[in-house]
Visitor: 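Once you've had a glance at the structure underneath, I'll fire off some questions.
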Amino acid sequence: ALDACEESGMTSIGVLFIDAPSYNYRSIRLPPNWVVYFANHHYDLGPSMNWCFGLFPNDPFYGWLADDMRPRTPGWDKRLETAAGLSKLSTCADEYISPNEAMRSNSLCGAFCTGGDLVRAAGWWAPPFTRQAGIDNAWTHLTNKRVYLADVLVEHQNWRTGKRPKDSTDDWVRDGNPYIEMDFVNYNHWLTTDDYQAVAH
């Protein structure tokens with residue numbers, strides 16, 4: 001992912017968040033516009049995104065790139081940032097979610113950009129009830145100010161598309177805990193709460 005960012009001409013500042021345990025990644029090579037944070041305890045995805053928001057609470061936008069995404073379009077980062085601005089949510093083609101309009105209406109690909117004012121209005125970048133699942137679902141429910149850039153490709157090298165083999169990181173159970181299933185239970189409950197109504201309006 002980092003090599004693809006460099007090859008596609010990414011110029012924005014990137015923050016590489018390496019969740020604990022991080023000892024296998026201590027010698028990782030970064031492009032010059034990236035910094036790395038080695039977590040001293042296990043965060044999971046949602047808390048790591050909110051850690052980033054807490055560190056940079058006044059930024060104009062917050063861009064996300066999952067580690068199995070490969071930017072292909074030159075200048076993809078600036079295209080997403082410009083489309084999001086302060087108050088919109090931008091996403092792009094990924095050859096996984098993007099070809100399916102029904103999936104695209106409820107999900108975001110693993111490369112998206114959220115306007116800073118949107119994140120500040122919600123008070124979080126990832127819903128506080130989630131470890132990993134439901135983040136993009138929450139944002140697609142919260143805002144109709146979405147911009148889809150069909151001509152920007154950030155390829156999703158997903159095992160479901162046969163672009164890589166399935167491994168243990170794809171399991172929905174960790175240490176006997178069905179954490180993804182529980183995230184969706186919490187997400188569906190959140191949609192019925194006053195907290196959702198307050199953020200949505």
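On a predicted model such as this, the values are computed, not experimentally measured, just so you know.
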Visitor: Do the side chain of S48 and the main chain of L45 share a donor and acceptor less than 3.5 angstrom apart?
Guide: yes
Visitor: Begin with the C-alpha distance, continue with both residues' side-chain angles, and end with the deciding distance and a verdict on salt bridge (charged side-chain N to carboxylate O under 4.0 Å, His left out) for D3 and R29.
Guide: CA-CA 9 Å; D3 288 343; R29 180 188 60 80; 2.3 Å; yes
Visitor: Would you check if the side chain of D94 reaches a backbone N or O of Y96 as a donor-acceptor pair within less than 3.5 Å?
Guide: yes
Visitor: So that I know where these two stand, are W124 and W139 an aromatic pair - ring centroids less than 6.0 Å apart?
Guide: yes
Visitor: I need the S90 OG to L149 CG distance, nearest 0.5 Å.
Guide: 6.0 Å
Visitor: Between D183 and T130, is there a side-chain donor-acceptor contact under 3.5 Å, judged purely by atom types and distance?
Guide: yes
Visitor: For atom NZ of K163, decide whether the heavy atoms of other residues, nucleotides or ligands shown that lie under 6.0 angstrom number more than 12.
Guide: yes
Visitor: Measuring from atom CZ of F129 to atom CG of N188, what distance do you get when rounded to the nearest 0.5 angstrom?
Guide: 9.0 Å
Visitor: Calculate, to the nearest 0.5 Å, the distance between atoms CD1 and CG belonging to I97 and D136 respectively.
Guide: 6.5 Å
Visitor: Working to the nearest 0.5 Å, report the span between CZ of F112 and CH2 of W64.
Guide: 7.5 Å
Visitor: Any donor and acceptor pair, going by atom type alone, linking the side chain of R120 with main-chain N or O of D59 inside 3.5 Å?
Guide: yes
Visitor: Rounded at 0.5 Å granularity, tell me how far CG in D68 sits from CD in E155.
Guide: 10.0 Å
Visitor: Under 3.5 Å, side-chain donor or acceptor atoms of residues 31-41 against the rest of the protein: list the pairs with distances, not counting sequence neighbours.
Guide:
| from | atom 1 | to | atom 2 | distance (Å) |
| --- | --- | --- | --- | --- |
| N33 | ND2 | M10 | O | 3.3 |
| N33 | ND2 | S12 | O | 2.7 |

Visitor: Starting from the C-alpha separation in whole Å, work towards a yes-or-no answer on side chain to side chain contact (heavy atoms under 4.5 Å, CB included) for C52 and W125.
Guide: CA-CA 9 Å; C52 190; W125 191 14; 4.3 Å; yes
Visitor: Could you see if L108 belongs to whatever hydrophobic cluster contains V152? Use Ile, Leu, Val, Met, Phe, Trp, Tyr and a side-chain cutoff under 4.5 Å.
Guide: no
Visitor: Would you say L118 ends up clustered with F53 if hydrophobic residues are merged whenever their side chains have heavy atoms under 4.5 Å apart, either directly or through other cluster members?
Guide: yes
Visitor: Following the transitive rule for hydrophobic clusters with a side-chain heavy-atom cut-off under 4.5 Å over Ile, Leu, Val, Met, Phe, Trp and Tyr, establish whether I135 and Y148 coincide in one cluster.
Guide: no
Visitor: Taking R72 for its side chain and L153 for its backbone only, find out whether a donor-acceptor pair lies under 3.5 Å.
Guide: no
Visitor: Please check if L55 and M49 belong to a single hydrophobic cluster, counting links between Ile, Leu, Val, Met, Phe, Trp and Tyr side chain heavy atoms closer than 4.5 Å.
Guide: yes
Visitor: Given 3.5 Å as the limit, does a donor-acceptor pair link the side chain of H42 with the main chain of A20, or not?
Guide: yes
Visitor: So, R70 side chain and D67 main chain: donor-acceptor pair closer than 3.5 Å or not?
Guide: yes
Visitor: Verify, without hydrogens or angle tests, whether R104 (side chain) and S98 (backbone) share a donor-acceptor contact under 3.5 angstrom.
Guide: yes
Visitor: Please check if the side chain of D19 supplies one atom and the backbone of Y43 the other of a donor-acceptor pair under 3.5 Å.
Guide: yes
Visitor: Is a side-chain donor or acceptor of D44 paired with a backbone partner of P47 at a separation under 3.5 angstrom?
Guide: no
